[in-house]
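For reference, the structure discussed in these notes is given below.
Naming convention: chains lettered A, B, ... in sequence-line order (proteins, then strands); numbering from 1 in each chain. Computed over heavy atoms, backbone and side chain alike; hydrogens, waters and symmetry mates excluded.
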Number of protein chains: 4
Amino acid sequence: MLNRVILIGRLTRDPELRYTPAGVAVTQFTLAVDRPFSQGKEREADFINIVTWRQLAETCANYLRKGRLTAVEGRLQIRNYDNNEGKRVYVTEVVADNVRFLESGNVGGNREEGAGSNPSYSGGGGNNNNRYGGSREQQDPFIDDGKPIDISDDDLPF
Amino acid sequence: MLNRVILIGRLTRDPELRYTPAGVAVTQFTLAVDRPFSQGKEREADFINIVTWRQLAETCANYLRKGRLTAVEGRLQIRNYDNNEGKRVYVTEVVADNVRFLESGNVGGNREEGAGSNPSYSGGGGNNNNRYGGSREQQDPFIDDGKPIDISDDDLPF
Amino acid sequence: MLNRVILIGRLTRDPELRYTPAGVAVTQFTLAVDRPFSQGKEREADFINIVTWRQLAETCANYLRKGRLTAVEGRLQIRNYDNNEGKRVYVTEVVADNVRFLESGNVGGNREEGAGSNPSYSGGGGNNNNRYGGSREQQDPFIDDGKPIDISDDDLPF
Amino acid sequence: MLNRVILIGRLTRDPELRYTPAGVAVTQFTLAVDRPFSQGKEREADFINIVTWRQLAETCANYLRKGRLTAVEGRLQIRNYDNNEGKRVYVTEVVADNVRFLESGNVGGNREEGAGSNPSYSGGGGNNNNRYGGSREQQDPFIDDGKPIDISDDDLPF
DNA sequence: TTTT
DNA sequence: TTTT
């Protein structure tokens, strides 16, 4: 009914950009979000999986890099799929619709450069067709083999 | 660094109240949070695990029931533990520090009644000692056997 | 850079629907949001102005009524305009892009009924053209006289 | 009932630290939060007043400076007071309970240095006595004259 | 494994 | 009255 997540943390590695068979961009990365520090304990963090789609996915792939401080806004999603041993697996991730790059850096070096100089960061609206994930038959897009991931067009969140 | 989750949904079942060996109250429940509806699809929801501690845990156990519309504020946490086959398992949950009961109902019937008539809903502060979960050796408090769950005092989030 | 507000409260009166000269729907209402109760004090609340645009404005006008418990998501905006004594006035409001009706009631009675039976609640995206308010020359849309309010098409938030 | 604001922006000036007559620290600053950019318009921002109390107030005064990128979490509050012409004035501000310094810089130079090297940023809990502001008789703590501001001990938010 |  |  209402589902909002806001995080600030650092990328644990470079983002991964892929395309669905229909050619829709998907970028995935993990954010290390420090927990409130308590003395007498070692530092701790939560490692939270983020997914972005379409234009935002391409912007993230172009501008984010491992270690960068980043703010993410989105919704919490729990997908499930059956793995190769026929066991149900649950995947929790944040489907981001807004990503802010809090450290600029000289990015874009080893990837195709973002064309314009004015990157737009927020997931464009559209028809609010938020349905990525959830159905039993769905495959995990993060378990892949280099080939285009097997999700259909209507697996998209908007 | 910053980690905030806000959800509105309905309890999938009655909340479960337990106590740590040190006598600290823990309540767990699951919130069904409807996804934005898109035509041509069946209705979908995310089922999100919520944990509350101490006073808030007891208030939730006393006042929440299956089906109730509820707002939850907290932080997203990813714990991990090794299951009985020695395999690492990851558990995602929202550690709530604020819970709002959006439907009152005639609650408290089949449980011990909340003493006062003015339930306080938000997790009292304290020493900001947020460290529940995360370490490798930790056991899942939700895998239990009726006996007090095996987590030590310093597994508490505040 | 990032600007997110989430509120739950009750309408202090029925919402007001108007149209810009270009025919764009704007609905305004005020939410009474209770503060955390502290003993020895009288109950207190913040009265927060909400604005919605376009389709969401019409849905709110059709389905919300005074007293209804409502959740609002949006961004905090500070507009300013010069009043009739030439003094700068600052207006703070939440521009909502998502509104959840937490109490249904038998609404729509004294207004035109929402056509379909499946009201959509969230502000459809579009071209992310969020610029309502802010410029010096702008008039306050909430100071009006029954006539269409004097704001141009590009005063719209998206 | 639920009231949560999360902002990322830059300080428009150095923060101002004061003390209530009872000796409680209050720090105020303004955050410039850029609006989503829309082409064909000049860049715009909302200027949002932030208040912090006690330990968090002192940490903010020690570590924040004009221009610094900063994340703020808190609740939206509308206070009112009667100005010297007997007119009711409304003040909107965010009462922060969590502030994150997203740019470190070499701070603390021209003020008393923060004692420890490990600044804690979030508003310590306590007795959840959130009642700052709101009552008719209250004076605006930000209209002052160099002397300790005239608010009593129970004007504090926790 | 799930709620209205 | 405002920040990069």
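The distance between atom CG of Asp46(D) and atom C1' of dT3(F), rounded to the nearest whole Å, is 12 Å. In this entry the distance linking CG of Leu69(B) with P of dT3(E) reads 15 Å, nearest Å. Whole-Å rounding puts the Arg65(B) CZ to dT3(E) P distance at 17 Å. In this structure, the CG atom of Leu2(A) is 21 Å from the P atom of dT3(E), given to the nearest Å. Per the geometry, CD1 belonging to Ile50(B) stands 14 Å off C1' belonging to dT2(E), to the nearest Å. Note: CE (Met1(A)) to C1' (dT3(E)) measures 12 Å, nearest angstrom. Whole-Å rounding puts the Glu103(A) CD to dT4(F) C1' distance at 15 Å. Taking atom CZ of residue Phe101(D) and atom P of nucleotide dT4(F), one finds them 18 Å apart after rounding to whole Å.
When heavy atoms are screened at a 4.0 angstrom cut-off, Phe29(D) is found touching no nucleic acid atom at all. At a threshold of 4.0 angstrom between heavy atoms, the contacts of Gly9(D) with the nucleic acid are absent.
Lys87(A) has no carboxylate O lying under 4.0 Å from a charged side-chain N of Asp82(A), or vice versa, which leaves the two without a salt bridge.
Side-chain contact check for Val72(A) versus Ile6(A): every heavy-atom pair is 4.5 Å or farther apart.
Checked by atom type, the side-chain pair Gln28(D)/Glu16(D) shows no donor-acceptor distance below 3.5 Å. Side-chain polar atoms of Glu73(C) and Asn98(C) form a donor-acceptor pair below 3.5 angstrom.
Of the candidates dT3(F), dT4(E), dT1(F), the closest approach to any side-chain atom of Tyr90(C) belongs to dT1(F). The side chain of Arg88(A) lies closest to dT1(E), out of dT1(F), dT3(F), dT1(E). With dT2(E), dT4(F), dT1(F) as the candidates, the nucleotide lying closest to the side chain of Thr30(B) is dT2(E). Nearest to the side chain of Asp34(D), among dT2(F), dT1(F), dT4(F), sits dT4(F). The listed nucleotides are dT4(E), dT3(F), dT1(F); the one nearest the side chain of Lys66(D) is dT3(F). Across dT3(F), dT2(F), dT2(E), the shortest atom-to-atom separation from the side chain of Arg13(D) is found for dT2(F).
Here Phe47(D) lies parallel enough and close enough to stack on the base of dT2(F), with planes under 30° and ring centres under 5.5 Å apart.
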Worksheet item: Under the side chain to side chain contact (heavy atoms under 4.5 Å, CB included) criterion, do Ile8(C) and Leu102(B) qualify, and how do the steps go?
Response: CA-CA 10 Å; Ile8(C) 299 180; Leu102(B) 305 177; 4.3 Å; yes
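Not one side-chain nitrogen or oxygen of Arg43(D) sits closer than 4.0 Å to the OP1 or OP2 atom of dT4(F).
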